[in-house]
Engineer: 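Structure incoming, see below.
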Amino acid sequence: MRTLECDVDVDWIDINDHMNAQYYGIVVYRAHAAFTDALGLGDDYVRTTGFGKVVVQTAMTYEREVRQGSRLAVDSWLLGVDAKRLHFFHEVRNLGDRTRVAVSEQLDLHVDLGTRKTAPLPADVFTRLTRFAAEQRAAGQPDGVGRTIRFPRN
């Protein structure tokens, strides 16, 4: 699902004349917030239920540099869901040359904001998200899911 399109701001460019790593994170965060809203877990959900979700693990892989003047798009997947966890994947592309420039994978926990502890998703939300994740998986998983850091052997 396309969750964000944006232009690279001149302020995001660093001394190396490319987008600084921190702004990849901001782009993914904005896409994740939009995806959260699209999934029905955004601000309205939080206000009406007292539940929310928090990121507990994330991994960003930078694949190509991004230069000033680029336009980016983020496509997002809900890869899996169980009673309390949601597994997300975001793919950042440069719309100019259609290359993938970064990916971010993350795990969120569903929490009761009153107790500040994990809590099961409401049954109807769980059912809806489980179906949605299955539909996205059936359409094909993006490359790089489950990648971990591997230090080269000497």
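Both backbone and side-chain heavy atoms feed into the values below; hydrogens, waters and symmetry mates do not.
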Engineer: To the nearest 0.5 Å, what is the distance between NE2 (H18) and CZ (R64)?
Structural biologist: 15.0 Å
Engineer: What distance do L121 atom CG and K53 atom NZ have between them, rounded to the nearest 0.5 Å?
Structural biologist: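 Between atom CG of L121 and atom NZ of K53 there are 10.5 Å.
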Engineer: Does any part of the side chain of F89, heavy atoms only, come nearer than 4.5 Å to the side chain of Q136, both counted from C-beta?
Structural biologist: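 No, side chains not in contact.
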Engineer: As an exercise, state the distance from CG of L78 to CD of E135, rounded to the nearest 0.5 Å.
Structural biologist: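 Taking CG in L78 and CD in E135, the distance rounds to 11.0 Å.
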Engineer: Where do V28 and V92 come nearest, in terms of heavy atoms and distance?
Structural biologist: CG2-CG2, 3.8 Å
Engineer: Roughly how far, to the nearest 0.5 Å, is the CG atom of N20 from the CD1 atom of I13?
Structural biologist: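 Atom-to-atom, I13:CD1 and N20:CG are 9.0 Å apart.
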Engineer: Is any side-chain heavy atom of L72 less than 4.5 Å from a side-chain heavy atom of M19?
Structural biologist: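 In short, these two side chains touch, coming nearer than 4.5 Å.
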Engineer: Do T58 and M60 have side chains that approach each other closer than 4.5 Å (heavy atoms only, starting at C-beta)?
Structural biologist: no
Engineer: What's the shortest heavy-atom distance between A119 and F51, and which atoms?
Structural biologist: CB-CE2, 3.7 Å
Engineer: May I ask you to test the F88-L39 pair for a side-chain heavy-atom distance under 4.5 Å?
Structural biologist: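 Of all side-chain heavy-atom pairs linking L39 with F88, at least one is under 4.5 Å.
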Engineer: Take atom CD in E63; do more than 12 heavy atoms of anything else shown fall under 6.0 Å from it?
Structural biologist: yes
Engineer: Is the CZ atom of R2 crowded by more than 12 outside heavy atoms at less than 6.0 Å?
Structural biologist: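 Result for CZ/R2: enclosed.
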Engineer: Can you tell me which residue among H90, R137, E91 is in a side-chain contact (heavy atoms from CB on, under 4.5 Å) with W77?
Structural biologist: E91
Engineer: Would a hydrophobic clustering, with Ile, Leu, Val, Met, Phe, Trp and Tyr connected at side-chain separations under 4.5 Å, put Y62 with L4?
Structural biologist: yes
Engineer: State plainly whether one hydrophobic cluster holds both L79 and L41, where clusters connect Ile, Leu, Val, Met, Phe, Trp and Tyr through side-chain heavy atoms under 4.5 angstrom apart.
Structural biologist: no
Engineer: Kindly compute the distance separating CD (E5) from CG (D75), expressed to the nearest 0.5 Å.
Structural biologist: 8.5 Å
Engineer: Is there a side-chain contact between R67 and V8, using heavy atoms and a 4.5 Å cut-off?
Structural biologist: no
Engineer: If you take all heavy atoms of A38 and M1, which pair is closest and at what distance?
Structural biologist: CB-SD, 4.0 Å
Engineer: Compare all side-chain heavy atoms of T49 with those of V125 and state whether any distance is below 4.5 angstrom.
Structural biologist: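 A side-chain contact under 4.5 Å is absent here.
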Engineer: Classify the ring geometry between H110 and Y45 as parallel (under 30°), tilted (30 to 60°) or perpendicular (over 60°).
Structural biologist: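 Rings of H110 and Y45: tilted, as their planes differ by 30° to 60°.
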Engineer: Looking at R85, I want to see if its CZ is surrounded by more than 12 non-hydrogen atoms of other residues, nucleotides or ligands under 6.0 Å.
Structural biologist: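 Open.
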Engineer: Do F35 and V74 make a side-chain contact, defined as non-hydrogen atoms from C-beta onward lying under 4.5 Å apart?
Structural biologist: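 A side-chain contact under 4.5 Å is absent here.
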Engineer: Is there side-chain contact between Y23 and C6, with heavy atoms separated by less than 4.5 Å?
Structural biologist: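 Sidechains of C6 and Y23: no contact.
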Engineer: Please find the pair of heavy atoms, one from A102 and one from Y24, that lie closest to each other, and give the distance.
Structural biologist: CB-CD2, 3.6 Å
Engineer: Does L86 belong to the same Ile/Leu/Val/Met/Phe/Trp/Tyr cluster as L107, with side-chain heavy atoms less than 4.5 Å apart forming each link?
Structural biologist: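 No, L86 and L107 fall in different hydrophobic clusters.
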Engineer: Could you state the interatomic distance from CG (D9) to CD (Q68), rounded to the nearest 0.5 Å?
Structural biologist: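 D9 CG to Q68 CD: 8.5 Å, rounded to 0.5 Å.
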Engineer: According to a hydrophobic-cluster definition based on side-chain heavy atoms being under 4.5 Å apart (Ile, Leu, Val, Met, Phe, Trp, Tyr only), do V145 and V56 belong together?
Structural biologist: no
Engineer: For D143, does its backbone N or O pair with a side-chain atom of R100 as donor and acceptor, under 3.5 Å?
Structural biologist: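 Checked: pair present.
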